[in-house]
Amino acid sequence: MPPSHRPPEAQLDLLVASRGRSDRLTHTEHLPARQGRHAPWPESIRPEIRAAALDLGIRRPWTHQVEAMNLAKAGQTVVIATGTASGKSLGYLAPVLSELLTGTEAPNGRGSTALYLAPTKALAADQRRRATELAPERVRAALYDGDTPPQEREWVRQYASYVLTNPDMLHRSILPAHPRWSSFLKTLRYVVVDECHSYRGVFGSHVAQVLRRLRRVCRRYGADPAFLLASATTADPAATAERLTGLPAHAVTEDASPRGQMVFALWEPPLTEHVGEQGAPVRRTATAEAAYLLTDLVTAGTRTVAFVRSRRAAELVALQAQDNLEPQLANRVAAYRGGYLPEERRALERDLYSGRLLGLASTSALELGIDVSGLDAVLLAGYPGTRASLWQQAGRAGREAQGALAVLIARDDPLDTYLVHHPEALFARPVEATVLDPDNPHVLAPHLCAAAAELPLTDADVELFGPNAAALLPVLERRGLLRRRADGAWYWTRRERAADAVDLRGTGGAPVQIVEESTGRLLGTVDADAAHTTVHTGAVHLHQGRSYLVRELDLEHSVALVSAANPSYTTAARDITSISVMSTEQTVAWGEGTLNFGSVEVVNQVVGYLRKRIATGEVLGETKLDLPPRTLRTRAVWWTVTEDQLLDAVIPFDQLPGAAHAAEHASIGLLPLFATCDRWDIGGVSVPLHPDTLLPTVFVYDGHPGGAGFAEHGFRHAARWLTATRDAIRACECARGCPSCVQSPKCGNGNDPLDKAGAVRLLSALLAGAPADDAEST
Ligand SMILES: [Zn+2]
Ligand SMILES: [Zn+2]
């Protein structure tokens with residue numbers, strides 16, 4: 001089949017025209033082609049670099065690149081937050097490589113050095129290639145990661161001037177062994193933090209503390225590097241860069257790169273004849289809809305990637321598209337996701353690149369570092385959680401000359417439904433911020449220990465680690481981890497390595513291994529945190545297009561035993577949750593109501609699971625489980641209303657539980673519009689009369705120990721957040737509540753009771769007292 005050369009409008013027409021789908025298209029955004037704006041190279045960029053850029057076809061940089069180069073050259077901390085494929089890397093590489101090139105003229109050949117941090121190994125490898133293309137060989141660029149052989153590591157430390165690594169290696173390997181890196185660190189001029197929007201939540205908070213440790217160690221060697229960050233477009237990139245580095249930052253946000261035409265369609269799958277929980281209408285799932293659209297695009301010869309949000313969905317979309325297609329096309333569609341063996345993934349990447357594959361259903365594992373540009377169309381089965389990911393994924397289509405099609409297919413949940421009916425939330429100014437909380441004591445404590453092990457902590461250092469550090473040090477001394485000596489400094493007291501006490505990406509506890517019962521073969525792993533809900537006994541688990549049933553989840557040995565099976569259903573865990581207030585840090589009066597932020601203790605227990613028919617979501621039955629409760633101390637935002645407010649809003653006491661519960665669900669669904677969290681990163685509890693507040697109360701909490709900043713962000717932007725929540729509920733076309741508004745897939749109560757109309761009245765009563773300007777400062 002020849003490749004498709006249809007313009008994107010024609011591709012979209014093809015999708016809309018067939019099978020009477022016109023009512024599913026809720027919005028079409030035409031993103032016109034944009035002319036680029038050039039500026040002359042700054043004088044400070046060495047002629048060798050300019051010449052190399054010219055060889056790569058870059059005659060002059062874009063104006064935003066020049067702005068970044070000038071700021072970097074002046075030693076400023078700068079964050080470049082422009083679109084996908086806007087040449088962010090040239091913006092930081094040109095000044096960095098110029099500086100390193102000048103450094104090669106020093107007597108030892110290494111007068112200056114730079115460190116590059118990427119969230120993934122693949123991206124670091126890609127960036128090393130770019131650096132070697134732009135700089136003469138005497139600027140020695142080297143990867144330093146878990147795969148670097150021991151004999152090469154010494155060479156990197158002694159001779160490399162541009163070291164490309166990741167935050168994990170910096171934390172585990174470089175900082176603890178800083179004396180061996182002293183000559184590198186002494187001359188460190190720049191630290192590049194690429195894809196910095198991916199440092200969010202708990203992981204981002206850890207990385208922020210690792211960067212503070214790096215700054216402190218550099219200081220000891222007399223170095224004061226400038227930080228150069230690259231970010232996707234977000235609400236306030238300068239603030240995020242400051243939180244991440246602890247340094248004031250300049251943001252470069254005016255994107256001057258050219259862009260091909262893109263047609264961006266917003267798509268809502270149809271209601272099905274099936275009913276879900278509590279008799280609610282259910283829409284066709286985004287994954288099922290994506291499989292249909294992928295089928296049509298592949299049939300038309302259009303090279304398409306369908307991005308999906310879970311590993312399971314990647315498998316399902318590929319399977320369903322293969323089923324729908326003619327046999328000779330079926331084998332040109334595949335699934336791609338994390339959890340496959342590296343050789344399986346490499347083979348798929350090659351096939352997509354060569355064009356042997358026409359359709360690929362992929363998780364975000366394909367998002368970074370791997371070059372699959374030049375696709376004709378991208379399907380997004382569900383909002384990928386952040387605008388950054390949305391544009392990263394959509395940007396995979398038609399990078400250069402020809403136009404491209406992107407289709408966002410709404411999942412049956414409040415956020416996606418809101419977005420496909422509020423295109424301005426996607427195409428106007430971003431409202432979503434990259435959220436992290438480096439001051440979380442659970443995050444900070446192990447980094448204070450690691451820092452003390454690197455160099456004893458002095459009073460002068462403490463300020464670097466934020467406002468909570470000073471109070472935490474005596475606590476760590478009482479725990480026998482640190483000791484304050486006569487010189488006034490804090491020392492690490494243990495034999496073991498302090499850095500080993502924390503895994504930056506850790507989710508607490510050993511991952512659970514998924515093992516095939518009959519063969520003993522290891523199929524993959526899941527995070528300990530997720531195990532209770534995803535691989536409980538009786539759960540359906542998918543791997544490489546095959547489905548398995550979990551025979552037993554053995555928590556003691558962290559193993560889930562599975563066997564091949566072919567059930568016609570998927571599974572969804574059920575849990576119960578209680579919450580108590582440990583301390584209230586901030587309270588704002590909203591009329592008679594209150595808005596609060598503070599620390600809470602959440603006790604959660606997975607108690608059973610539902611079986612749901614594949615593709616329709618119809619509930620087939622429920623099974624009980626016997627799993628232990630788990631306790632979480634974290635941070636929450638919560639709001640209360642008074643009995644008088646309920647009376648005024650005409651919410652009788654018997655309707656209150658359903659109204660509060662529905663408001664809680666929808667608000668959890670909408671928070672990711674404002675903070676870069678996933679609805680699974682946060683949880684909620686609603687109580688008609690809470691023992692700690694003695695009032696009707698709705699809580700939304702961070703799902704990680706100590707919090708990750710999401711609840712706090714919700715607290716700070718509560719008026720906008722809860723207004724969007726109310727609007728989303730009110731606008732939903734269902735009669736009495738459905739997954740698109742107030743039902744939640746992770747509800748512990750089987751979505752009962754829920755009162756949609758009551759939730760709108762309750763939120764309106766609360767919002768009537770909200771301060772006019774919402775104190776929208778962060
Ligand atoms: Zn609804
Ligand atoms: Zn619920």
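Only this structure's heavy atoms are used, side chains among them; waters, hydrogens and symmetry mates stay out. Source: prediction; values computed, not measured. Indexing begins at 1, ligand by ligand and atom by atom, following the structure's order. Residue indices begin at 1 and follow the sequence shown.
Looking at Gln605 and His532, their side chains never bring a donor and an acceptor atom within 3.5 Å of each other. Side-chain contact, Thr584 with Asn596: no donor N or O sits under 3.5 Å from an acceptor N or O. In this structure, a donor-acceptor pair under 3.5 Å is present between the side chains of Thr577 and Asn604.
Its N, O or S atom nearest to the Zn ion (ligand 2) is what matters here, and for His665 that atom is NE2.
Put simply, the angle at the Zn ion (ligand 1) from SG in Cys732 to SG in Cys738 is close to 100°, to the nearest 10°. Rounded to the nearest 10 degrees, the angle SG (Cys734) to the Zn ion (ligand 1) to SG (Cys741) equals 100°.
Arg635 and Gly707 make their closest contact through CG-CA, 3.9 Å (heavy atoms, listed as atom of the first residue, atom of the second, distance).
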